[in-house]
Amino acid sequence: MASSVLNQLVSNPINWALGGIVLYLAFAITSGDRRRAALPPPKHPDVVERRNFNPKELAKYDGRASKAIYLAVKGVVFDVSSGASFYGPDGMYGNFAGRDASRGLAKDSFDAEMVQPLDLPIDDLKDLTPSEVEALNGWFQFFSGKYTNVGQLVNE
């Protein structure tokens with residue numbers, strides 16, 4: 001009886017095809033484990049220690065004196081170094097580097113007067129219209145989703 005079952009298995013071409021598929025899958029699964037083991041472990045993201053910045057400290061991170069480029073939006077300081085072509089010294093938003101960009105973003109203006117002088121307190125933005133506040137909130141969501149929060153902007 002055992003020889004007749006074995007004879008039927010060997011003589012059927014479908015069984016040969018299924019056997020080949022099983023062998024191929026077994027080989028693929030076992031050899032795939034070896035390739036995965038050769039890959040280095042994923043790199044842990046850099047640890048960021050958040051800190052407080054006053055306007056003069058933040059100004060140091062303008063892409064000129066430091067390779068790091070930071071800017072503040074609604075009191076939160078973001079590391080925008082990865083967007084240096086936009087926020088660096090020659091970028092279209094370059095005047096916001098190392099500064100509080102909130103007013104300029106809210107008013108959709110990149111003019112120099114949109115940036116609070118360093119010797120004045122942080123802009124309280126109380127005179128913004130509801131549509132400007134909404135625009136600023138949209139920019140804040142954008143920066144929060146794209147860039148790393150590195151701290152808070154505080155008065156001295």
Side-chain angles (χ1 to χ4, degrees), residues 17-156:
L18 290 174
I21 291 171
V22 168
L23 287 174
Y24 172 77
L25 290 174
F27 174 76
I29 290 170
T30 58
S31 65
D33 288 341
R34 281 185 235 135
R35 280 184 259 160
R36 277 190 216 113
L39 294 176
K43 184 180 181 274
H44 189 277
D46 293 334
V47 175
V48 176
E49 186 173 332
R50 293 190 180 118
R51 60 175 276 234
N52 290 337
F53 296 85
N54 65 43
K56 289 180 182 174
E57 290 172 325
L58 181 61
K60 296 174 186 174
Y61 297 92
D62 64 356
R64 289 180 178 89
S66 164
K67 287 188 178 188
I69 304 171
Y70 294 175
L71 63 78
V73 180
K74 291 179 61 174
V76 176
V77 179
F78 294 98
D79 181 349
V80 296
S81 303
S82 63
S85 61
F86 295 105
Y87 305 105
D90 298 322
M92 71 185 279
Y93 303 105
N95 62 323
F96 293 152
R99 306 301 283 277
D100 182 1
S102 300
R103 179 167 294 278
L105 294 171
K107 293 188 171 281
D108 197 26
S109 173
F110 311 117
D111 296 335
E113 63 265 8
M114 291 292 121
V115 179
Q116 186 86 333
L118 295 175
D119 56 343
L120 293 178
I122 296 170
D123 191 348
D124 63 12
L125 307 170
K126 289 183 179 179
D127 62 332
L128 295 180
T129 67
S131 64
E132 290 169 340
V133 170
E134 185 178 335
L136 180 57
N137 289 337
W139 277 108
F140 182 79
Q141 290 302 318
F142 169 77
F143 281 95
S144 296
K146 184 162 183 160
Y147 298 109
T148 303
N149 173 339
V150 293
Q152 295 290 318
L153 183 61
V154 297
N155 284 311
E156 307 203 37

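Excluded from the calculations below are hydrogen atoms, water molecules and symmetry mates; all remaining heavy atoms, backbone and side chain alike, are included. Here the structure is a predicted model, which is why all the values come from computation and not from measurement.
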Between [X] and [Y], which heavy-atom pair has the shortest distance, and what is it?
X	Y	value
D108	F110	OD1-CZ, 4.2 Å
K74	F140	CD-CB, 3.8 Å
S82	Y147	OG-CE2, 3.4 Å
I122	P55	CG1-CG, 4.0 Å

Parallel, tilted or perpendicular: rings of F143 and Y87 (30°, 60°): tilted
Does a side-chain heavy-atom distance below 4.5 Å link [X] with [Y]?
X	Y	answer
P89	D62	no
R99	V115	yes
L128	K107	yes
F96	L105	yes
N149	S144	no

N-O pairing of R103 and D111 below 4.0 Å: no
Look at the side chain of [X] and the backbone N and O of [Y], then say whether any donor-acceptor pair between them is shorter than 3.5 Å.
X	Y	answer
R50	Q152	no
S66	A68	yes
Q141	G138	no
S81	I69	yes

Can you tell me how far the [atom1] atom of [X] sits from the [atom2] atom of [Y], to the nearest 0.5 Å?
X	Y	atom1	atom2	value
K60	F53	NZ	CZ	10.0 Å
D100	L118	CG	CG	11.0 Å
L71	L153	CG	CG	10.5 Å
W139	S102	CH2	OG	12.0 Å

Heavy atoms from other residues, nucleotides or ligands near CZ of F86 exceed 12 (cutoff 6.0 Å): no
Pairs where residues 18-29 contributes a residue and the test side-chain hydrogen bond (donor to acceptor under 3.5 Å, both in side chains) is met, not counting sequence neighbours: none
Sub-6.0 Å ring centroid separation between Y70 and Y61: yes
